[in-house]
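Quick note on labels: first sequence line is chain A, next is B, and so on, each numbered from 1.
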Amino acid sequence: MQIQLQWIDYTILLLYTGFVIGIGFALARYMKSSSDFLTSGRSIPTWVTGLAFISANLGALELVGMAASGAKYGIATSHFYWVGAIPAMVFLAVFMMPFYYGSKARSVPEYLKMRFDERVRALNSIAFAVMTLFASGISMNALAKLMNQLLGWDYNLALWVCSIVVLLYVLKGGLTSAIYTEVLQFFMIVLGFAPVVYLGLKDVGGWDAMNATLQGVAVNPAALNLAEPGITYGANAWTSAWGPLLGGPTANPMGVDWFAMIFGLGFVLSFGYWCTNFLVVQRAMAAKNMTAARNTPLVAAVPKMIFPILVIVPGMIAVALTANPGKNYRIPPPVVAEAAYVHAVAVVKSAQPADPAAAVKAVGAALGKKVNGDKVTALVAAQAAAPMPDAQIKEGLYNSIAEYDYDGVILSLVKKYCPPGLLGLALTALLASFMSGMAGNVTAFNTVFTYDLYQAYFAKDKSDAHYMTMGRVITVVGILLSIGCAYFASMYNNAMDIIQLVFGFVNAPLFATFLLGMFWKRTTGTGAFLGLFGGIGTSAMFHALTIASGNAPGVKGGYLGVAHSFPSEMAQNFWLAAFAFIACFVLTAGISLATARTKTDDELKGLVYSLTPKIKDTDQAWYQRPAVIGSVLLVCCVILNILFW
Amino acid sequence: MGLDIRYPIGLMFSLIGILVTVYGLVTGSNKALYERSLGININFIWGIVLLIFGAWMLFMAIRAKKQG
């Protein structure tokens with residue numbers, strides 16, 4: 001699926017690279033203290049922090065992963081936005097930012113130290129620092145692989161060049177540089193992918209025609225290899241967000257029930273990510289004042305609400321195109337080595353049309369993939385009737401593979417619709433999404449490492465210049481470690497699965513700790529610390545005793561026995577989060593009641609809701625108040641859910 | 001902090017907009033090139049959009065500077 005770039009595409013790519021590095025250099029002279037470098041000196045306007053807030057989350061997962069989910073699950077993928085993001089962002093803005101910003105904490109782990117004690121901070125900061133490095137590495141590995149498969153670029157070259165570009169602008173301009181370039185990247189992503197969505201929708205005949213096609217697909221998804229043979233859904237499975245979900249896990253392609261969706265995703269996972277993950281919260285903490293900090297997630301919520309058009313609809317377009325043979329498109333199959341294709345071509349040439357079953361089996365074995373029997377039989381018959389050139393047989397084999405690489409959806413549409421020029425813009429947008437993800441991870445890592453680990457435990461009373469230098473050194477170290485993680489991810493795929501699994505265990509209960517810490521003054525450091533461990537232990541035990549149907553016991557769960565089988569991995573993950581949250585909440589509350597408070601009411605002022613003077617917002621017009629804006633956003637969210645019910 | 005981000009954003013999108021628009025104008029007669037974009041000269045159209053966006057960003061930055 002390689003793409004040939006023209007001079008204009010490279011020019012756009014170089015222009016973008018020049019500008020992001022230029023921003024870093026332009027900001028270098030403003031970096032006078034460690035606070036400037038690591039926290040932007042709390043000086044950035046709302047619209048900038050708001051767009052950076054959303055852009056830091058717009059990494060590879062969003063663009064590539066959500067388009068893949070759009071193809072697999074249809075419009076129900078929007079739950080990750082309208083249920084799994086907007087309510088949490090409004091909650092963060094209205095209720096939590098006053099504590100994060102008002103406490104003058106420089107990071108989320110530092111807030112935990114002020115609210116609880118050093119143990120909770122250490123646990124959170126170490127877990128977060130390691131996690132961001134792996135997240136950055138996984139993202140960069142995906143980028144380098146894509147560039148290798150798509151453009152034929154050398155894996156090492158792609159990995160190092162992109163990392164060095166990020167290093168240059170972050171090293172020069174610190175967090176401010178990352179935030180400013182994230183705004184530029186946000187516009188690049190929107191303007192780079194919007195034409196692809198427009199052309200795709202036009203090609204499938206518009207929104208209504210696409211829905212009509214998808215309704216035909218839903219009643220027999222196995223015909224397109226979108227589900228196992230024998231599985232059927234209601235006609236609205238790909239085109240309704242809630243209807244199929246209310247029918248139970250077997251009635252929707254996600255395999256999830258409504259309670260797991262609302263409580264597991266919409267509350268535990270969503271609030272755990274948007275309200276406690278320093279990667280995004282850091283953007284709001286860099287705002288110039290309390291009002292700007294509170295409005296940051298609200299500004300971000302507006303594009304977040306309409307992003308499904310840009311990232312989910314392409315996946316739905318891909319399914320509609322695949323269902324229409326006249327469009328000469330298929331969702332790309334998994335990558336097959338050239339040697340396997342050569343072998344399979346030889347098998348087709350030597351196959352006997354009189355024994356189609358043997359031919360299908362031999363071709364499947366040669367490719368190492370599940371193949372469509374009818375298509376292979378037709379290919380063998382055509383070859384026997386009139387010998388074809390190898391390239392034509394290879395194309396026939398490509399189209400006969402009955403498996404999909406859903407992550408290739410967005411790029412296959414870029415390739416299908418973008419002429420030179422627009423192609424350069426779309427690929428630059430893709431590159432921008434990876435870079436914003438990496439820069440976000442690295443800036444969050446260097447702040448947490450410098451303030452919460454280095455300053456807290458290794459060098460308490462050094463000069464500000466020392467911490468500034470340390471911040472720069474840690475930026476370089478962070479990038480190098482990210483590159484190391486990328487190589488690790490490329491070599492040990494299964495090990496990365498286990499590492500991500502462990503991070504899932506650590507993150508699932510985290511929101512319970514914050515919720516109790518911010519809204520119940522009786523919560524103690526011991527309760528929070530042991531409660532977190534209890535939540536992590538519950539996650540691990542839940543995973544060890546449950547499995548998703550179709551998976552073998554092992555990394556995917558069930559390795560201590562199968563107490564319950566879920567219809568899908570997604571359902572298993574949502575329920576795991578729910579159990580971990582409840583365990584952490586109950587344990588933290590129980591242990592807190594059994595242990596003595598170590599912080600007085602005075603010490604908790606500005607850190608706990610009941611002990612903090614309420615912000616009146618009287619200096620703002622009523623329609624500019626965060627609570628009002630947040631309410632409007634929630635109403636819009638409800639309307640969207642009803643429109644796509 | 002010092003730099004108004006609208007300047008680099010406006011300048012970059014204006015430059016890309018000009019580049020893509022001119023490329024669309026020059027290659028507009030090449031039907032084969034635009035077959036994949038459903039026969040639409042998408043470079044010319046989208047180049048104009050990028051140019052307008054970039055110019056608007058620059059205008060906003062200049063206006064903010066004038067207003068201090």
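- Ring geometry, B:F53 versus A:F187: the interplanar angle falls from 30° to 60°, so the pair is classed tilted.
- Here B:I9 contributes atom CD1 and A:L51 contributes atom CG; the two are 8.0 Å apart, rounded to the nearest 0.5 Å.
- The most heavy-atom pairs under 4.5 Å with chain B, out of A:G22, A:G421, A:P420, come from A:P420.
- At most 12 non-hydrogen atoms from other residues, nucleotides or ligands lie less than 6.0 angstrom from NZ of A:K202.
- Enclosure of atom OH in A:Y10 by more than 12 non-hydrogen atoms of other residues, nucleotides or ligands within 6.0 angstrom is indicated.
- Both the backbone and the side chain of B:L19 come within contact range of chain A, each with at least one heavy atom under 4.5 Å from a heavy atom of that chain.
- The shortest non-hydrogen separation linking B:N43 to A:P419 is ND2-CG, 4.1 Å.
- Heavy atoms only, all atoms of each residue included: B:W46 and A:L422 are closest at CD1-CD1, 3.9 Å.
- With chain B as the partner, the residue from A:L199, A:V196, A:T181 showing the most heavy-atom pairs under 4.5 Å is A:L199.
- Taken from OH in A:Y417 to CG in B:L38, the straight-line distance is 6.0 Å, to the nearest 0.5 Å.
- Two residues are said to be in side-chain contact when any heavy atoms from C-beta on lie closer than 4.5 Å; B:Y23 and A:W7 meet this criterion.
- Residues A:M188 and B:I16 meet the side-chain proximity criterion, which asks for heavy atoms closer than 4.5 Å.
- Atom NZ of A:K416 sits in a crowded spot, with more than 12 heavy atoms from other residues, nucleotides or ligands closer than 6.0 Å.
- For the set A:I12, A:V20, A:T11, the count of heavy-atom pairs under 4.5 angstrom toward chain B peaks at A:I12.
- For the atom pair OH of A:Y16 and CG of B:L15, the computed distance is 16.0 Å after rounding to the nearest 0.5 Å.
- When the candidates B:V20, B:I42, B:I40 are compared by the number of heavy-atom contacts under 4.5 Å with chain A, B:I42 comes out ahead.
- Distance CZ/B:R6 to CH2/A:W47: 5.5 Å, rounded to 0.5 Å.
- Between chain B and the options A:V183, A:L15, A:L191, A:V48, the largest number of non-hydrogen pairs under 4.5 Å is found for A:L191.
- Counting heavy-atom pairs closer than 4.5 Å to chain B, the top-ranked of the candidates A:A26, A:C418, A:G424 is A:C418.
- Atom CZ of B:F44 has 12 or fewer heavy atoms from other residues, nucleotides or ligands within 6.0 Å.
- One finds the CE atom of B:M12 at 8.5 Å from the OG1 atom of A:T428 (value rounded to the nearest 0.5 Å).
- The closest side-chain heavy-atom distance from B:I45 to A:Y198 is not below 4.5 Å.
- For the atom pair A:I179 CD1 and B:I5 CD1, the distance stands at 11.0 Å (nearest 0.5 Å).
- Contacts of A:L425 with chain B are made by side-chain atoms alone, with heavy-atom separations under 4.5 Å and no backbone atom involved.
- By the neighbour-count criterion of 12 heavy atoms within 6.0 Å, atom CH2 of B:W56 is sparsely surrounded, having that number or fewer from other residues, nucleotides or ligands.
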